[in-house]
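One structure is given below, encoded as structure tokens.
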Amino acid sequence: MGYNFKQIEQKWQKEWEKSKIFEAEVDGGREKCYVLEMYPYPSGSGLHMGHAFNYTIGDVYARFKRMKGFNVLYPMGYDSLGLPAENAAIKVGEHPKKYTDKAIKNFIRQQKELGLSYDWSRMLYSHDPEYYKWNQFWFLKFFEKGLVYRKKAVVNWCPKCETVLANEQVHNGFCWRHGDTEIQLKPLEQWFIKTTEYADELLDKVDDLKWPERIKIMQKNWIGKSYGTEIDFEINGGKWPIFTTRPDTIYGVTFMVVSAQHPRLDELVTKEQRKEVDKFLKKIKTVSQKSMKVVEELEKEGAFTGSYAINPITGDKVPVYTGNFVVADYGSGMVMAVPAHDQRDFEFAKKYGIDIKVVINPPTFNLSADKMSRAYTAEGRLINSGEFENWDNREAIEEITKFLEKKKLGKKVVQYKLRDWLISRQRYWGTPIPMIYCDECGIVPVPYDDLPVKIPEKVEFGKGNPLATSASFINVKCPKCGRKAKRETDTMDTFFDSSWYYLRFCDNKNVKKPFDIKKVEYWMPVDQYIGGAEHACMHLIYARFFTKALRDLGFVDFDEPFTRLFNQGMLHGEDGNKMAKSRPKYVILPEEVSKKYGIDTARLFLLSLARPDKDLQWSDKGIQGSMRFVNKVMDFYSDLKNIEGKSNEKIESKLNKTIKGVGEDIEKFDYNFAIIKLRELFDSFAGGKVDKKTAESFLKLLNPFCPHITEELWSKVGGKRFVSQASWPKYDEKKIDDKFEKAEKESEGLMGDINNLIRIMKYKGNEISRVYVYVLPNEIDNYSSEELSKRSNMKVVVYAVNDKEKYDPKGKSKKAKPGKPGIYLE
Ligand SMILES: [Zn+2]
Ligand SMILES: [Zn+2]
């Protein structure tokens, strides 16, 4: 007892670093394994035990794979650009760069103290100009390929973030970072990435991924493929395509609704209606971009634009309204309204006195527009529908679409919920978008040779976008004509940085190229990715998009970046709640745990609680159990005589079974089961002696969980170099004998019975000093007097029932049954 764990940890962390054993290089002769945790945002407050838990999950896996003989790439880096760092820096009055550099240094120190086996030579951070230079490079490549465009759009603006947000960052109308801040809509010129170009492939390939099922479902829903019909309506002589899933109701269209955020709304508003429309727009300024549910509950409102649309099938002229219940972002931002058969349209028509025209009758009666109190939305037969009169409305959907296609008035289309990715941000701490505005030449990309466009250090904070007020940054010569021009002041969404960092790890020091293609071909794809489920729809979609786009640009030769994905659970504080800075009492710091128990004990404890994709709860009491185990292991190995023996057949069997089981468990992330097996194996050593090979094998198996103490003990028993480098022990199926397992179970059952009897006797006031056990002759080998005595702290004697010498004053031996010995206490 009383081991100096801190000293052991520091010693081996130093040794690992010195010997560079976790550094990996391309080796065509060996099978590779790329293990990666989502690179973290280096928060100024550092790591708490919840983070330590995340990284330990990956570390165990990486260590295991290394011992299994794989060439393991296990790097770490930092997602160091972005709003949180900028805001935190401003708050403490520090420059974001200084603040971030400090935070990263602290992170690295903490991560090293956890004993994580990263290849630190591959470290990268996204605020490094040598990194974000390649963000700009990709942006220009995408631009050349037509995957980047600039467009005036009504965008989501968070007044707290003071920047535009992507659709993915708006949750039910509120900012993803500020759950209490409603998003405002602003028409702005912004940069977009055409993620929708890959919508089909992003959807189709989801099924091939070895990812958690719920994440795959979330991806599919986010991409959201649906089929419908695009129909061209004519307004003021122009063509206005609209999207509908109900072309069967086209004969019942009595008005059109254009979204209040439609970029071309102004074209539709006549002089006479200007005032009324403006009044309406002002009123609903902050409403919209809500979840569909919110839209449903909204009071339907609108204003007549003064324009009329011509129904391409009937030739009817119908009024065009602008309304608050059509979202600009979905479909074309305009809908054909069929009040008789759509509830929203019905409410709107009633409110503004617009015609209602029935075109579908229920099977059993006829509808009358004047008497309807709500829309009829079920199936039926078409009426008032020209040549489709009397058709079943479901069949008419297909037929009317074909008819429109033949007449070139519309077509069948696929629609996605996935939108193009808005990447412009009006903030400082991000990658400057490498574009220049010239009055003569228009938009001019920054030449590749001029990259990186660096984030200027000296700027003024607190007055909007600091780049926009930095004269030295903005003013530039046009690369084309040499005249005075201005730089783009928007920076990139930091999800751009995290969309390809896993590629840069394969070749992080390359100054000529984003990476060497050969190196990426060797290491990629990531075999095991580990991270939180909260990234199901943003990071994981963007990263998949990036991989596909880079493939088509000839930079990579694979389709998907992450073969397997594991979502870790969350570690809660002792009170059962999330560890958060705002509740410091419940935040467990690795440093403190380490001081008290040693980090190996903490790792072992966290991973023994449950499968690591479950939420866990920290417990000061619980960790004591792991501490006792670690101390027992230390004690056992401290007496070298314990490992100079010969392992008996039973231990041999147990060892082989454990090697097999632990390997399978780690592969499946059933770490908690692996730990149970390891403890059982160790218990079987207790009191006896084992041979050196068994002692070494146990250390190897325990190493991924407790890397420091196993190194220490490995060197003590004379193991070669590092146990972290040793090969994973092989098991011999022939040596696994279930009879030992059976015997163990039986003697455990017997112990239970003995303890019960002792309790009863003691309760009755009897002192017990001896226990006699009577077993059937063929079972005598299953029970050892010595072991039972040790486990019950009492003298236990085992007899076969046919033993003539047995002591059996009460004839209890007659009660013995197969697997159920007789017991006598004295
Ligand atoms: Zn916000
Ligand atoms: Zn120019």
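Remember, it's 1-based here, ligands and their atoms both numbered in the order they're listed.
- In this structure the side chain of Leu540 reaches within 4.5 angstrom of the side chain of Gln219, judged on heavy atoms.
- Here the N, O or S atom of His178 that is nearest to the Zn ion (ligand 1) is ND1.
- An angle of 110° is found at the Zn ion (ligand 2) between Cys441 atom SG and Cys478 atom SG, rounded to 10°.
- Around the Zn ion (ligand 1), the angle linking Cys175 (SG) with Cys161 (SG) is 110°, rounded to 10 degrees.
- Aromatic pair Trp421/Tyr542: centroids less than 6.0 angstrom apart.
- In this structure, SG of Cys438 and SG of Cys481 enclose an angle of 110° at the Zn ion (ligand 2), rounded to 10°.
- Taking the centre and axis of the six-membered ring of Tyr529, the NZ or CZ atom of Arg564 falls outside the cone set by 45° and 6.0 Å.
- Ring centers of Tyr39 and Tyr125: at least 6.0 Å apart, outside the cut-off.
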